[in-house]
Enquirer: 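Structure below; questions to follow.
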2 protein chains.
Amino acid sequence: MRLFWEKGYGATSIADILQAAGANAGSLYYCFPTKQDLLIAVLRRYQTGIHAMLLEPAWQGVSDPVERIFALLARYRDALVATDCTYGCPIGSLALELHEPDPVVRKLLAANFNAWTSAIEGCLKQAGVRIPRNTNLRELASFVLTTMEGGVMQARTHRSLATYDAAVHQLRGYFSHLEAAASATRRKVS
Amino acid sequence: MRLFWEKGYGATSIADILQAAGANAGSLYYCFPTKQDLLIAVLRRYQTGIHAMLLEPAWQGVSDPVERIFALLARYRDALVATDCTYGCPIGSLALELHEPDPVVRKLLAANFNAWTSAIEGCLKQAGVRIPRNTNLRELASFVLTTMEGGVMQARTHRSLATYDAAVHQLRGYFSHLEAAASATRRKVS
DNA sequence: GTCTATACCCTGATAGAC
DNA sequence: GTCTATCAGGGTATAGAC
């Protein structure tokens with residue numbers, strides 16, 4: 001999991017994995033007949049662990065649904081800070097590296113994106129009337145993921161937080177507008 | 001250039017390149033001593049060719065600066081359509097694949113992002129009073145790139161235009177808000 | 001289930017004639 | 001400048017004893 005994240009799939013050799021795990025080839029191949037089986041297991045783990053590994057830590061002590069969205073984005077910022085801006089989202093990196101992967105792999109990558117998007121969509125639903133009623137929440141949630149992935153990509157390339165912060169700041173501006181618009185509509189109605 | 005774009009850097013072998021180019025090893029290595037020299041040449045070509053290869057075709061017949069931004073995003077959509085959503089931005093893909101590249105490579109990747117962002121920033125400057133005066137134009141331009149890269153990444157993973165269209169649609173909503181806010185301010189002043 | 005040794009292939013890069 | 005042949009190394013995966 002760590003190696004695929006740090007080096008990518010192709011650049012990680014079985015030998016690297018054996019050394020990092022302190023395992024022998026026979027044992028590894030007994031459990032995972034091919035390298036791709038290992039990738040599939042890793043992707044499944046990300047998928048099933050999204051709450052325990054990502055969302056719950058990010059949302060510790062944050063209850064406001066909109067703030068939860070930005071708390072999640074802040075967590076990716078922390079990862080960038082902790083790695084001197086060499087962090088990359090493991091799913092995003094693998095998604096771009098594996099152009100034409102096995103359908104199984106591609107569907108797992110898509111499922112991971114879907115799980116992330118659904119978590120955000122849940123926040124937006126909880127936000128209720130604070131978001132304009134005609135807003136497509138799924139679309140907006142997907143846009144949050146877009147912002148994170150695009151922001152992380154640029155931050156790592158520039159080795160600078162500036163572009164990530166810029167992306168989040170602009171997204172915040174967009175949310176401020178949405179909330180103000182929803183609020184204005186509510187005043188008009190009442 | 002085509003192979004690095006379609007398959008990525010690591011997955012493209014010198015043999016692939018020789019076959020595609022109809023060249024022999026000796027000739028290639030005479031001009032490009034290492035594979036990385038080839039990558040550097042490709043990245044330089046993207047950088048110097050951004051106007052002729054990307055911007056001018058995208059902006060053919062489009063003069064409104066804000067529409068130029070969305071015309072550029074539409075061009076990436078066309079690329080997704082033309083490739084059944086297997087298209088990936090070559091710079092973005094290489095940026096994520098090459099985690100810890102030679103400083104020369106990383107700077108070239110960053111320079112490509114900068115050139116793209118500067119082109120958008122130019123449009124925003126041309127838009128003048130249509131964008132609120134306190135807007136950080138560089139930041140907003142960077143956010144447009146964020147949207148494109150994040151949108152393309154998801155579209156390819158899902159093999160669907162939906163997420164890309166969602167991202168562009170949301171960005172359009174943000175721009176509509178910005179233009180409306182700038183317009184309201186102008187009315188108030190006059 | 002786990003170990004070591006190794007098969008077999010493809011990699012980037014080179015040698016040296018032309 | 002271009003060609004063919006090849007090197008040395010590392011890749012995934014396997015064989016077969018234990």
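Below, chain A is the first sequence line, B the second, and so on; all start at residue 1. These values consider heavy atoms only, across backbone and side chains, with no hydrogens, waters or symmetry-generated copies.
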Enquirer: For the pair made of CZ in F32(B) and P in dG1(D), what is the distance, rounded to whole Å?
Expert: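 About 13 Å, once rounded to whole Å.
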
Enquirer: Answer with yes or no after comparing the ring centroid distance for Y164(B) and Y76(B) against a 6.0 Å cut-off, counting only values under it.
Expert: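 Here the rings of Y76(B) and Y164(B) have centres that are no less than 6.0 Å from each other.
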
Enquirer: Checking Y174(A) against Q170(B): is there a side-chain donor and acceptor pair closer than 3.5 Å?
Expert: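 The criterion, which ignores hydrogens and geometry beyond distance, is satisfied for Y174(A) and Q170(B).
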
Enquirer: Could you check how far CG of L28(A) sits from P of dT4(C), rounded to whole Å?
Expert: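 My rounded result for the distance is 14 Å.
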
Enquirer: With a distance cut-off below 6.0 Å to the six-membered ring centre and an angular limit of 45° from the axis, does R156(A) pair with Y87(A) as a cation-pi contact?
Expert: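 No cation-pi geometry.
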
Enquirer: Looking at N24(B), does any N or O in its side chain come under 4.0 Å of the phosphate oxygens OP1/OP2 on dT2(D)?
Expert: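 Answer no for this pair, as no side-chain N or O of N24(B) is under 4.0 Å from OP1 or OP2.
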
Enquirer: Between the protein and nucleotides 11-15 of chain D, list the N/O to N/O atom pairs that are separated by less than 3.5 angstrom.
Expert:
unit_1, atom_1, unit_2, atom_2, d
dT12(D), OP1, I14(A), N, 3.4
dT12(D), OP1, K35(A), NZ, 3.1
dT12(D), OP2, I14(A), N, 2.7
dA13(D), OP2, K35(A), N, 2.8
dA13(D), N7, Y29(A), OH, 3.3

Enquirer: Using the ring of Y29(A) (Phe, Tyr or Trp, six-membered ring only), decide whether K35(A) places NZ or CZ under 6.0 Å from its centre and within 45 degrees of its axis.
Expert: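 Checked: cation-pi criterion not met.
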
Enquirer: Are F32(B) and Y30(B) connected, step by step, through hydrophobic side chains (Ile, Leu, Val, Met, Phe, Trp, Tyr) whose heavy atoms are closer than 4.5 Å?
Expert: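 Different clusters.
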
Enquirer: If you measure only the distance, is there a donor-acceptor pair under 3.5 Å linking the side chains of T86(A) and E100(B)?
Expert: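 Side chains of T86(A) and E100(B): no pair found under 3.5 Å.
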
Enquirer: Check the distance between dG10(D)'s P and I17(A)'s CD1 and give it to me in whole angstrom.
Expert: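 Atom-to-atom, I17(A) to dG10(D), this comes out as 17 Å.
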
Enquirer: What's the CD-C1' distance between Q19(A) and dG10(D), to the nearest Å?
Expert: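 To the nearest whole Å, that distance equals 14 Å.
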
